[in-house]
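Both ligands and their constituent atoms are indexed starting at 1 by order of listing.
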Amino acid sequence: MKNLRTFSFCLGLILITTTSIQAQEADFIARNGFFWTVDNNNPIAEAVAATQGRLIYVGSDTGVEAHIGANTKIIDLDGAFVTPGFYDNHVHFEGTGRLLYGLNLLDVSTEDEFIRRIRDVDDRFSAGTWITGGDWSAYETWLEGDVAEAGNMVNPDDPYGNLFLPNKQMIDRFTQDRPVLVRRFDRKVYLANSIALELAGITTGSENPDGISVERNNNGEPTGALFNPVSGAVESTVLIRDNIRELFRNLIPEPSREQRIAETREVWKKMASVGVTSYCDITSNPIYVDIYQQLRDAREMTARVRYRPPLDKWKSMNDLGIKVGFGDEWVRFGATKAWIDGIMGNSSARFYSPYTHNPSSRGIWRDIMFPFERSPLNPEDMQSRLERLALEADANGIQLTVHAIGDEANGYLMDMLERIIAKNGKKDRRFRLVHAQVMTDEDIRRGGEMGIVAEVQPFHASDDMRWMEERIGKERSRGAYAFRRLWDSGAVVSFGTDSPGTNASRYYLNPMLGLYAAVTRKTLSGIPEGGWFPHEKLTIEEAIKAYTLNTAYAGFEENIKGSLEVGKLADMAVLSENLLEISPDNIKNVSVRTTIVGGIVVFEAD
Ligand SMILES: [Zn+2]
């Protein structure tokens, strides 16, 4: 009797399922494609169907027919290769928007181009809006794509290292209705136009403001070039005291909401054009959360975001009941971000031993490491402020993500994580070691054992390999961007970009550059042949997974994103080539034909 009841119950279920599949009309179907689903149980498909943003079918071209209805939008992919939408694990969204919509002078060191770029922005910005930033001459030092020679190209006879120094006359003619204050990449030198100089009280007769040198012509008139004090080596950018920014801080208004929205749209447009359908926003101004909601409600969002405030905001999150999982499928919360050391770009990352090229320095700890004091619970236990914050946030269900570049910084975090596990107990915490850039063998092993997420940005490897060994030597470089060993250790390797980069490098949102870097371990110009520490290469299948499912896992979102499976969001990227078939050297040239988010086409190449 019992068996019979179970039998009829099952039969009923089968009937219901079958009927509902037949009845379920899709509003979106893509067919005649090569879908690389990143689902182990069903790795390759020809077609998908979606209703209300979610996949209802992933399978064959014949099977998808059942879902065609009167209102189904059907795309014929003509055999194209499709992946799940890319999920960028690390985007400085606000900075990216400012660079894409605002001024970018990173690759500029000539008068003509300097003028042209500022004029472009002048055309785009509303009247009165300040033009700021720019970071001119960044690539004077390290040319993009090249293998660097020892040393750099800045002028050693100038204590500021200038090869190119602009003046206000270059831009005054067309910037009469707005102040301009742009800077060299290392913040040693700024250029102000006449209006900005006037607002700051820097005129022909004025005294120089404290701690700032003002360049003047023979008549004592300021040329617009302003200098922060520098000491030490020409190339050192670590210890700049930015007096100029301080002087102007109260004069430059915050960007308007309209400006921020324009920047936001620009970033999403860029993301859609390169197949990015989700991203983590690292500590943009909280006003972006409000902007995201406004644009989500207006159905303008084309990429999903997981927003991460700084760790010292964990208490406010906790007071509001925000934990891992909070939010909807467009805007989510649950993690915090902290930084414990510097970066490789200016040799401020923290190492156990001194830099090879600068034996007097091991890099720096960030402020959050201090005060370093006695634990309230145990007089022998010395704790950083970071550790106290991390212990509490973790105990309250908030995910920790911490930036660490140098081997000592990564080692400190592995020690700290062991102590957190000992105090707060084992749980599914998915600690995100952000960048995990240079690690000792022992720390790679420990990270894997503790199941960390290595939140890495593979293009850093292509960029940094040009000078890594000069700065930290060959032995330590073995542990740099050690993606293969991290993967094999049991760590979950997740990919992204760190867009827009630092003052020394630009990181583009394009996932193809990251996939290329992880699979080839070469610079953009294809050097070295065979790859840098080639045993650390990942396969293309692994690299795609790192950029999709693993990043979804890293955000506790693997149930809704990261692979093309029934029930998950219909986010995908249609590519110009089959990544599994082309030569790895060509991955960097692959483009996106179509990007689909929630079953809606958000980008189509011309
Ligand atoms: Zn970053």
Side-chain angles (χ1 to χ4, degrees), residues 86-100 104 106 133 135 138 185-187 237-238 263 267 270-271 276 278-286 288 303 305-313 335-350 363-369 386 390 399-406 409-410 413 431-439 452-464 480-481 483 493-511 513-514 517-518 546-547 550-551 554-555:
F86 294 102
Y87 187 166
D88 192 321
N89 67 16
H90 196 108
V91 177
H92 296 272
F93 189 86
E94 183 173 356
T96 302
R98 204 131 302 148
L99 199 63
L100 286 177
N104 172 11
L106 286 165
D135 294 326
F185 76 99
D186 53 10
R187 299 169 192 208
T237 62
V238 183
E263 291 168 355
V267 185
K270 187 77 206 175
M271 284 178 171
V276 172
S278 285
Y279 63 101
C280 294
D281 179 344
I282 313 297
T283 65
S284 294
N285 185 312
Y288 282 85
V305 61
R306 192 163 188 257
Y307 177 84
R308 253 187 260 175
L311 174 60
D312 55 12
K313 294 282 186 292
T336 56
K337 170 78 189 286
W339 288 258
I340 78 165
D341 71 337
I343 57 171
M344 281 309 304
N346 59 15
S347 306
S348 59
R350 180 72 185 184
I364 57 155
W365 294 115
R366 297 282 184 97
D367 289 351
I368 199 164
M369 292 294 278
L386 167 75
Q399 188 186 18
L400 301 169
T401 85
V402 188
H403 159 121
I405 306 277
N410 282 288
L413 288 185
F431 179 90
R432 289 172 79 148
L433 185 62
V434 179
H435 307 316
Q437 230 163 65
V438 184
M439 293 179 76
I452 62 160
V453 170
E455 179 182 316
V456 300
Q457 295 76 32
F459 189 71
H460 283 160
S462 281
D463 197 39
D464 296 358
Y481 320 101
F483 305 146
V493 177
S494 149
F495 280 174
T497 58
D498 207 0
S499 167
T502 68
N503 53 15
S505 294
R506 177 123 191 235
Y507 302 132
Y508 297 91
L509 288 165
N510 184 357
L513 301 182
Y547 227 128
N550 285 4
T551 304

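- When NE2 of His92 and NE2 of His90 are joined through the Zn ion (ligand 1), the resulting angle is 100° to the nearest 10°.
- Under the 3.5 Å distance criterion, with hydrogens and angles disregarded, no donor-acceptor pair is assigned to the side chains of Thr551 and Asn89.
- Coordination check, His403 versus the Zn ion (ligand 1): failed, since every N/O/S atom of the residue sits at 2.8 Å or beyond.
- Under the 30°/60° scheme for interplanar angles, the aromatic rings of His435 and His403 are found to stand perpendicular.
- A parallel orientation is assigned to the rings of Phe93 and Tyr279, their planes being inclined by less than 30° (bins at 30° and 60°).
- At least one side-chain heavy atom of Pro500 sits under 4.5 Å from a side-chain heavy atom of His92.
- Not a single N/O/S atom of His435, whether from backbone or side chain, sits less than 2.8 Å from the Zn ion (ligand 1).
- Within Asp498, the N, O or S atom lying nearest to the Zn ion (ligand 1) carries the name OD1.
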